[in-house]
Amino acid sequence: MCGITGWVSFHSDARTQAPVIEAMTAELSRRGPDAGGVWLGEHAAIGHRRLAVIDLEGGVQPMTDRPHEPTVVLSHSGEVYNHHELRAELRGRGHVFHTRSDTEVVLRAYAEWGEGLADHLEGMFAFAVWDERAHRLLLVRDRLGVKPLFWAAVDGGLAFASEPKALFQHPEIRPRVDADGLREAYSLLFNTGPTVWSGVREVEPGGLLVLDRDGIRERRYWQLEAGAHEDDRATTVDRISTLLGKAARSQLEADVPLCSLLSGGIDSTVLTALLADELRLREGPDARIRSYAVDYSDQAEQFTGDVLRTGHDTPYATEAGAFLGTDHSTVVLDPHALLDPEHRKAVVVARDSPIGVGDMDTSLYLLFGEIRRHSTVALSGEAADEVFGGYPWFHNPKALGADTFPWLLVTGDEAAMPLNPELDLHIAEFRDDTYRSALAAVPHLDGETPAEHRQREMQHLSLTRWLRQLLHRKDRLSMARGLEVRVPYCDHRLVQYAFDAPWALKSFDGREKSLLRAAGTGLAPESVLHRPKNHYPATHHPDYNRGLQDLARDALSVEQVRALADETRIKPFLDTPPERLEWGHRLRLERVVDLALWLDHHKPELAL
């Protein structure tokens, strides 16, 4: 896992701008704390920061096809899980390898297949290839968008980076936010492509971009399709088990210590069971995988349920760790650590965005910091809810019948900081238009029943939009601590197979995630296997609420914050007794605090 950056311009000589590419690369040091390097050519500058995971000595980047007068230069982030198979195939085609790294496999794959290499890669990745012979830049992003990749136009070409903050080190790209950016940020629709930053775009998940002297060309090399599913229940469950097992095994490779995130839910427990079994096969019966959970100092005594949480995680995580025989640890956080201004600032800086989820972001950042003391790679159960239908909106008749994005019925407008009505952003109209466009992109099969048609829409929206912000959150907060997080449930073959399965199979036992529960039989304690869906935990301590109210009051004293926020809809929650502050209302205060931190650090030009 690493950070990549650079630019191509056909109007200037990049060799004279070494300080610029060095500054862009340095901005990504937290993503790659182990090493860094740059390459300069006449029209291209390529930078890289490395988190060494595979072939610690041999995977140095930017990587070139030959040491003198290179014709191809690569800067690669992420992991290619089928690199062993591809290496063998490419050797059979005459390619010679000098390292064990998956990065060199990507380099040789480009030499063999050009931009068609994307179809051959399995994993999570974002990379840039500069072809010196053709004067062509290729940007590629993995199918589900696990790894980020941003770009912006510059004179005579474009600049790219793993995070927008690196782009802003280029003299032609400034942190500017207009009305479109605020709509993108605060509408909670999670579009792919545009961002909060004016002129900064994302390469689409499953997409690639080519820049040459003829201009920019973008295309998707992969996207979800609607295919016929002919397997019966038993065969489907067996196939799910096979695909998930293969994904887990392929992502266990690392030359550094790794661990699992074990929350005590079915997703992480089934995954950890597969990892623990595979580790014992490879290293012997006494091998134990490390596992981690997060908790708060008040949870055991003060837990209260809300729209997202039904119970306290720690007892289930502890039971799962004992059942699986992991080396399990619980990282316990207190309200003061969650309120610490330096921690909160670090989170906002990592995100490059004012939009987050407050204490849940800060706690994840702190959890990753503790994990990084012992491990460099962690495996997570992220995306199982999207793949197998775990969210309430898959099962709630009101959500199924609503003419809007389903998560807005769960989070409500309470989850979005109310913006100053004088800005006149027309967010309601923007949501409606975006929803229509999103539904138009959903693939369907002929002959679907109305119920099946609707469920396919819900699945597609969840996989292509809701999941997007969760993957961004996990990438940014983990990489800010120099930790690589892998997500086996995002294996594109598993995702496509489950997407094809009819809803009746996904809910055959009348509950959420029926297929995963069946596939996980015997891999988790019965209490975990049949536990209701529980979201990432939030603190319930009145001291946290009280401290958050104080931070929000301070934030509203900032002139720019008051210009953007609707104070009249925020102030009532400043005076609510801390022990009575509801989660959704509290999230409004979190957004105000984050907005102040974002404005202070990024100092964006507001063109509203």
Side-chain angles (χ1 to χ4, degrees), residues 4-5 7-8 77-78 115 118 124-128 137-154 157-168 173-211 215-225 351-355 386 405 407 425-427 429-443 457 460-473 475-476 490 492 604 607:
I4 68 172
T5 191
W7 79 88
V8 168
S77 169
E115 69 179 64
M124 57 177 192
F125 47 79
F127 59 84
L137 174 71
L138 171 66
L139 302 179
V140 180
R141 192 174 180 200
D142 67 70
R143 293 168 178 81
L144 272 294
V146 180
K147 302 316 298 172
L149 184 52
F150 297 87
W151 66 277
V154 298
L158 64 82
F160 63 89
S162 296
E163 299 179 6
K165 60 173 62 68
L167 295 176
F168 299 144
I173 305 171
R174 305 310 308 156
R176 183 176 182 273
V177 177
D178 56 21
D180 287 338
L182 286 184
R183 275 190 286 270
E184 289 292 344
Y186 286 100
S187 61
L188 305 182
L189 307 186
F190 316 119
N191 283 312
T192 54
T195 70
V196 64
W197 303 105
S198 178
V200 175
R201 296 183 61 82
E202 283 188 276
V203 175
E204 295 270 2
L208 59 80
L209 179 153
V210 176
L211 168 72
I216 294 173
R217 172 174 57 85
E218 295 182 84
R219 71 173 177 89
R220 298 286 292 274
Y221 67 90
W222 183 89
Q223 56 189 331
L224 281 170
E225 299 175 348
R351 286 199 319 253
D352 284 329
S353 167
I355 293 297
E386 290 80 4
F405 291 97
W407 48 87
L425 295 177
H426 302 288
I427 283 183
E429 294 92 330
F430 179 69
R431 282 176 171 171
D432 289 344
D433 291 344
T434 304
Y435 183 63
R436 300 287 171 264
S437 298
L439 290 186
V442 180
E457 289 177 342
H460 196 270
L461 294 174
S462 299
L463 285 163
T464 61
R465 289 178 174 271
W466 180 257
L467 180 60
R468 172 180 180 266
Q469 49 94 19
L470 297 178
L471 293 175
H472 264 300
R473 172 177 179 251
D475 172 84
R476 296 304 190 82
C490 284
H492 69 280

- Message: Less than 4.5 Å apart, side chain to side chain, heavy atoms only: is that true for W222 and E204?
- Response: no

- In Å, rounded to the nearest 0.5 Å, how long is the span from OG of S462 to CD of E386? 6.5 Å

- I355 and L188: CA distance, side-chain angles, deciding distance, side-chain contact (heavy atoms from CB on, under 4.5 Å) verdict: CA-CA 9 Å; I355 293 297; L188 305 182; 4.3 Å; yes

- Task: Begin with the C-alpha distance, continue with both residues' side-chain angles, and end with the deciding distance and a verdict on side-chain contact (heavy atoms from CB on, under 4.5 Å) for L158 and L137.
- Result: CA-CA 9 Å; L158 64 82; L137 174 71; 3.7 Å; yes

- Value for OG (S353) from NE2 (H472), rounded to nearest 0.5 Å, stands at 9.5 Å

- Message: Do P175 and W197 make a side-chain contact, defined as non-hydrogen atoms from C-beta onward lying under 4.5 Å apart?
- Response: yes

- Query: Is any side-chain heavy atom of E115 closer than 4.5 Å to a side-chain heavy atom of Y221?
  - Reply: no

- Taking C-beta and beyond as the side chain, do P205 and T192 meet within less than 4.5 Å on heavy atoms? yes

- Message: If I take atom CZ from residue R201 and atom CG from residue L167, how far apart are they, to the nearest 0.5 angstrom?
- Response: 13.5 Å

- Message: As a quick check of understanding, evaluate side-chain contact (heavy atoms from CB on, under 4.5 Å) for R217 and L209, giving each step before the final call.
- Response: CA-CA 6 Å; R217 172 174 57 85; L209 179 153; over 6 Å; no

- Is there side-chain contact between P443 and H460, with at least one heavy-atom pair below 4.5 Å? yes

- Identify the two heavy atoms, one from F430 and one from S187, that lie closest to each other, and give their separation to 0.1 Å. CE2-OG, 3.5 Å

- What closest approach, in Å, do C490 and L144 show between heavy atoms, and which atom pair accounts for it? O-CD2, 3.5 Å

- Query: Which atom pair, heavy atoms only, marks the closest approach of G157 to L211?
  - Reply: CA-CD2, 4.0 Å

- Query: Are any side-chain N or O atoms of R174 and backbone N or O atoms of F168, one a donor and one an acceptor, separated by less than 3.5 Å?
  - Reply: yes

- Going by heavy atoms in the side chains, are R431 and R183 under 4.5 Å from each other? no

- Message: Minimum heavy-atom separation for I4 and A128, please, with both atom names.
- Response: CD1-N, 4.0 Å

- Task: Answer yes or no: are there more than 12 heavy-atom neighbours, outside E429 itself, under 6.0 Å from its atom CD?
- Result: yes

- Message: Less than 4.0 angstrom from a charged side-chain N to a carboxylate O is my criterion; do R141 and E202 meet it?
- Response: yes

- Please round to the nearest 0.5 Å and tell me the distance separating atom CZ of R465 and atom CG of L189. 6.5 Å

- Please report the closest heavy-atom contact between G199 and A152, naming both atoms and the distance. O-CB, 3.4 Å

- Side chains of R476 and D352: does their closest heavy-atom pair fall under 4.5 Å? yes

- Would you say the side chains of R468 and N191 form a donor-acceptor pair under 3.5 Å? no

- Message: If you apply the rule salt bridge (charged side-chain N to carboxylate O under 4.0 Å, His left out), what do you find for D142 with K147, and how did you get there?
- Response: CA-CA 7 Å; D142 67 70; K147 302 316 298 172; over 6 Å; no

- Message: Quick test of your reading of the model: are R436 and D433 salt-bridged, counting only N-O distances below 4.0 Å?
- Response: no

- In terms of heavy-atom contacts, A161 and A166 come closest through CB-CB, 3.7 Å

- Message: Working to the nearest 0.5 angstrom, can you tell me the gap between K165 NZ and T5 OG1?
- Response: 11.5 Å

- Note on the structure: Separation between CZ (R351) and CZ (R473), nearest 0.5 Å, reads 9.5 Å

- Query: Does the side chain of V177 come within less than 4.5 Å of V196's, by heavy atoms?
  - Reply: yes

- Item | Single hit among W466, Y435, F190 for ring-ring contact (aromatic ring centres under 6.0 Å, His included) with F405 | Y435

- Item | Residue pair W151, V200: steps toward the side-chain contact (heavy atoms from CB on, under 4.5 Å) verdict | CA-CA 6 Å; W151 66 277; V200 175; over 6 Å; no

